[in-house]
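Here, residue 1 is the first one in the sequence, and each next residue gets the next number. No experiment lies behind these values; they were computed from the predicted model shown.
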Amino acid sequence: MAYIYSEPSHTFSEYLLLPGYTSPDCIPDNVSLKTPMVKYKRGEEPDISLSIPLVSAIMQSVSDDRMAIALAREGGMSFIYGSQSVADEAAMVARVKAYKSGFVRSDSNLRPDDTLGDVISLVRSKGHNTVAITDDGTSGGRLVGIVTGRDYRVSRMSTDLKVREFMTPLEKLVTAPASTTLKEANDIIWEHKLNSLPILDDDGRLLYFVFRKDYAEHKENPLELLDGKKRFMVGAGINTRDYRERVPALLDAGADVLCIDASEGYTCWQQQTLAFIREKYGDSVKVGAGNVVSKEGFRFLAECGADFVKVGIGGGSICITREQKGIGRGQATALIEVAKARDEYFAETGIYIPVCSDGGIVHDYHMTLALAMGADFIMLGRYFARFDESPTNKLVINGQFVKEYWGEGSNRARNWQRYDLGQGNTLSFEEGVDSYVSYAGPLHDNVAKSLYKVRSTMCNVGVTNIPDLQKNARITLVSATSIVEGGAHDVMLKTTNIKV
């Protein structure tokens with residue numbers, strides 16, 4: 001008969017942290033959430049560390065270039081979804097890398113003969129209102145003017161009006177030559193009280209914009225995750241099928257970290273994918289693997305050369321793998337076992353391989369529990385899908401604002417590569433659902449609130465960094481009754497719609 005574990009597997013909601021001694025310097029502002037992202041040797045520093053322990057899931061409904069920029073600004077990292085063409089994924093990566101060197105390539109461009117209606121459509125699709133007007137309507141054409149929100153009023157102007165009639169023409173713009181440094185550009189912006197500064201070549205062709213808001217945002221976001229060239233860092237998902245073509249393209253586009261996106265990582269196909277990357281690139285390319293739920297799975301991927309290992313099968317809010325296949329494990333139990341295996345591997349080899357907890361996060365306090373149980377960082381799907389920056393539509397359902405959210409194993413995503421077992425090119429049955437999540441607003445506000453809770457809880461435990469949390473935290477398993485006790489009970493809650 002099969003081996004049967006004597007203990008049941010548990011979820012995060014079945015545990016609580018116990019408070020420890022809080023010293024005078026143990027306040028949220030003093031808490032560091034910096035954490036390693038890729039493996040490193042004892043006594044050395046990892047090549048990549050996260051400023052905050054959050055990454056966004058490799059999902060169509062979560063991680064595109066806009067999400068990647070927003071999350072990198074906070075100090076985390078997005079993994080651009082791989083269930084799209086190689087060219088499209090590489091283009092998303094390239095847009096992230098181009099966004100924040102201070103010099104930004106224009107993604108909103110029109111010709112002088114286009115109309116106000118074209119401007120309005122472009123602004124809606126891009127989410128910002130700086131439109132470059134070039135002779136040929138491309139980002140590299142000769143600049144003839146700029147349109148911003150100050151140049152038009154929809155209520156007073158016809159949508160058929162030509163752009164040349166209301167744009168700010170080149171002769172009224174302040175521009176700078178290609179030789180301008182970022183510091184010089186920012187000085188010009190402040191001197192002339194500009195929101196943006198076009199950078200032109202000798203022929204008057206548009207090269208870049210430098211934006212005032214980028215300077216301000218950098219000052220407001222000191223935890224930004226930047227590479228050596230001051231560009232936002234970004235990850236990208238790969239699969240075990242077309243990695244020979246996808247990996248080089250993503251690296252050429254500038255991807256900082258890759259991750260094999262699969263429902264189950266203890267496979268020969270992940271072994272082959274990692275072997276290809278190590279043989280072709282050595283250790284210069286950083287690549288995570290997974291998902292696993294046992295010490296054997298972790299050890300396998302560690303020995304295959306993974307830079308980090310993802311933990312979790314069937315715990316995502318849109319995942320129905322456990323229902324469909326009866327395979328998986330409670331996220332807390334899986335994480336505890338894999339983290340222990342990581343520590344044992346570190347003791348034996350002197351190589352520390354970070355663990356990413358993927359799935360099972362329902363409440364913000366689950367993040368703190370996951371970190372205390374050994375996760376170095378956490379991958380989140382539903383959490384990020386709720387924000388403005390996710391790539392899905394915002395709708396009104398039954399009077400409530402929601403955003404669409406679907407699993408990679410759903411019929412909508414058709415990401416059969418993620419569930420590939422070496423046969424065929426089809427999705428035989430679904431392992432994910434198509435759903436809605438409650439709209440929550442901008443990423444910045446929500447991440448700040450969630451991580452303040454994490455920092456505050458760490459202070460209750462008596463620690464100011466993640467390694468000390470993992471070393472010193474005390475965790476207790478709770479009963480079903482005590483879970484009920486932990487929420488509001490035996491009271492009548494006040495509501496705003498009670499009529500007196």
Working for side-chain contact (heavy atoms from CB on, under 4.5 Å), residues L369 and L17: CA-CA 7 Å; L369 276 168; L17 286 155; 3.8 Å; yes
Test side chain to side chain donor-acceptor pair (under 3.5 Å) on S63 and S56 and set out the steps. CA-CA 6 Å; S63 296; S56 67; 2.6 Å; yes
Test side chain to side chain donor-acceptor pair (under 3.5 Å) applied to Y352 and R342, step by step: CA-CA 7 Å; Y352 187 91; R342 173 205 58 202; 3.1 Å; yes
For Y345 and I353: C-alpha separation, side-chain torsions, deciding distance, then whether side-chain contact (heavy atoms from CB on, under 4.5 Å) applies. CA-CA 8 Å; Y345 187 83; I353 300 178; 3.6 Å; yes
Worked verdict on I260 versus L274 for side-chain contact (heavy atoms from CB on, under 4.5 Å): CA-CA 9 Å; I260 303 173; L274 289 167; 4.0 Å; yes
side-chain contact (heavy atoms from CB on, under 4.5 Å) between L182 and V210, intermediate numbers included: CA-CA 8 Å; L182 184 58; V210 177; 4.1 Å; yes
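Between the side chain of Q470 and the main chain of L371, a donor-acceptor pair closer than 3.5 Å is present. Under a 3.5 Å cut-off, the side chain of E404 and the backbone N or O of A385 do not form any donor-acceptor pair. Side chain of E224 to backbone of F232: no donor-acceptor contact under 3.5 angstrom is found. Side-chain atoms of S9 come within 3.5 Å of backbone atoms of G330 as a donor-acceptor pair (strictly under, hydrogens ignored). Formation of a donor-acceptor pair under 3.5 Å by the E389 side chain with backbone atoms of A70 is not found in this model. At distances below 3.5 Å, not a single donor-acceptor pair connects side-chain atoms of Y15 with backbone N or O atoms of I475. Panel note: side chain D256, backbone V234; a donor-acceptor pair is recorded below 3.5 Å. A donor-acceptor contact shorter than 3.5 Å links the side chain of E14 to the backbone of T11. With N30 contributing its side chain and D25 its backbone, the two residues share a donor-acceptor pair below 3.5 Å. The backbone N or O of L194 sits less than 3.5 Å from a side-chain atom of R212, completing a donor-acceptor pair.
Stacking of K403 on the aromatic ring of F387 is not recorded, the 6.0 Å distance cut-off and the 45° axial limit not both being met.
Applying the side chain to side chain donor-acceptor pair (under 3.5 Å) rule to R386 yields no partners; only residues at least two apart in sequence or on another chain are considered. Residues forming a side chain to side chain contact (heavy atoms under 4.5 Å, CB included) with E184 (at least two apart in sequence, or on another chain): T180, T181.
A tilted orientation is assigned to the rings of F12 and H366, their planes being inclined by 30° to 60°. Using cut-offs of 30° and 60° for the angle between ring planes, the F300 and Y266 rings count as tilted.
Closest of all the heavy-atom pairs between Q331 and D358 is NE2-N, 3.5 Å. Of all the heavy atoms in S13 and Y365, the pair that sits closest is CA-OH, 3.7 Å. Here the closest non-hydrogen pair linking I27 and C459 is C-SG, 3.2 Å. Taking each heavy atom of A90 and A249 in turn, the nearest pair found is CB-O, 4.0 Å. Of all heavy-atom pairs spanning I80 and A68, the tightest one is CD1-CB, 4.1 Å. Listed here is the closest heavy atom pair of D64 and P391: OD2-CB, 3.2 Å.
Put simply, OG1 on T368 and CG on L16 are 11.5 Å apart, with the number rounded to the nearest 0.5 Å. Rounding to the nearest 0.5 Å gives a distance of 9.0 Å between CG of D252 and CG of L250. For the atom pair CE of M67 and CE of M92, the computed distance is 12.0 Å after rounding to the nearest 0.5 Å. From D261, atom CG reaches atom OG1 of T240 across 9.5 Å, with rounding to the nearest 0.5 Å. Once rounded to the nearest 0.5 Å, the distance linking OG of S49 with CE of M77 reads 10.0 Å. Summarising the geometry, atom OG belonging to S390 is positioned 10.5 Å from atom OH belonging to Y405; distances are rounded to the nearest 0.5 Å.
Within the 4.5 Å cutoff, side-chain heavy atoms of N221 are placed close to those of H444. Here the side chains of V55 and M37 are in contact, with some heavy-atom distance below 4.5 Å. No side-chain heavy atom of M59 sits under 4.5 Å from any side-chain heavy atom of F79. Between V104 and Y208, the closest side-chain pair of non-hydrogen atoms is not below 4.5 Å. Here the side chains of Y5 and T333 are not in contact, with every heavy-atom distance at 4.5 Å or above. No side-chain heavy atom of K213 sits under 4.5 Å from any side-chain heavy atom of N195. In this structure, the side chains of Y81 and V62 stay at 4.5 Å or more apart for every pair of heavy atoms. Contact check for Y439 versus D388: side-chain heavy atoms found under the 4.5 Å cut-off.
Within a 6.0 Å sphere centred on CZ of R105, heavy atoms belonging to other residues, nucleotides or ligands number 12 at most. More than 12 heavy atoms of other residues, nucleotides or ligands sit less than 6.0 Å from atom NZ of K394. By the neighbour-count criterion of 12 heavy atoms within 6.0 Å, atom CD of E348 is densely surrounded, having more than that number from other residues, nucleotides or ligands.
The existence of a salt bridge linking K449 and D445 is excluded, since no basic side-chain nitrogen approaches an acidic carboxylate oxygen closer than 4.0 Å. With respect to K97 and D227, a salt bridge is recorded, a charged nitrogen being found less than 4.0 Å from a carboxylate O. A salt bridge links E337 with R329; the closest basic N to acidic carboxylate O contact falls under 4.0 Å.
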If you look only at distance, which donor and acceptor atoms sit under 3.5 Å apart when one is on a side chain in residues 122-129 and the other is two or more places apart or in another chain?
unit_1 : atom_1 : unit_2 : atom_2 : d
S125   : OG     : S121   : O      : 3.4
S125   : OG     : L122   : O      : 2.9
H128   : NE2    : D107   : OD1    : 2.8

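Side-chain atoms of S450 and Y383 form a donor-acceptor pair, as typed in the model, at a separation below 3.5 Å.
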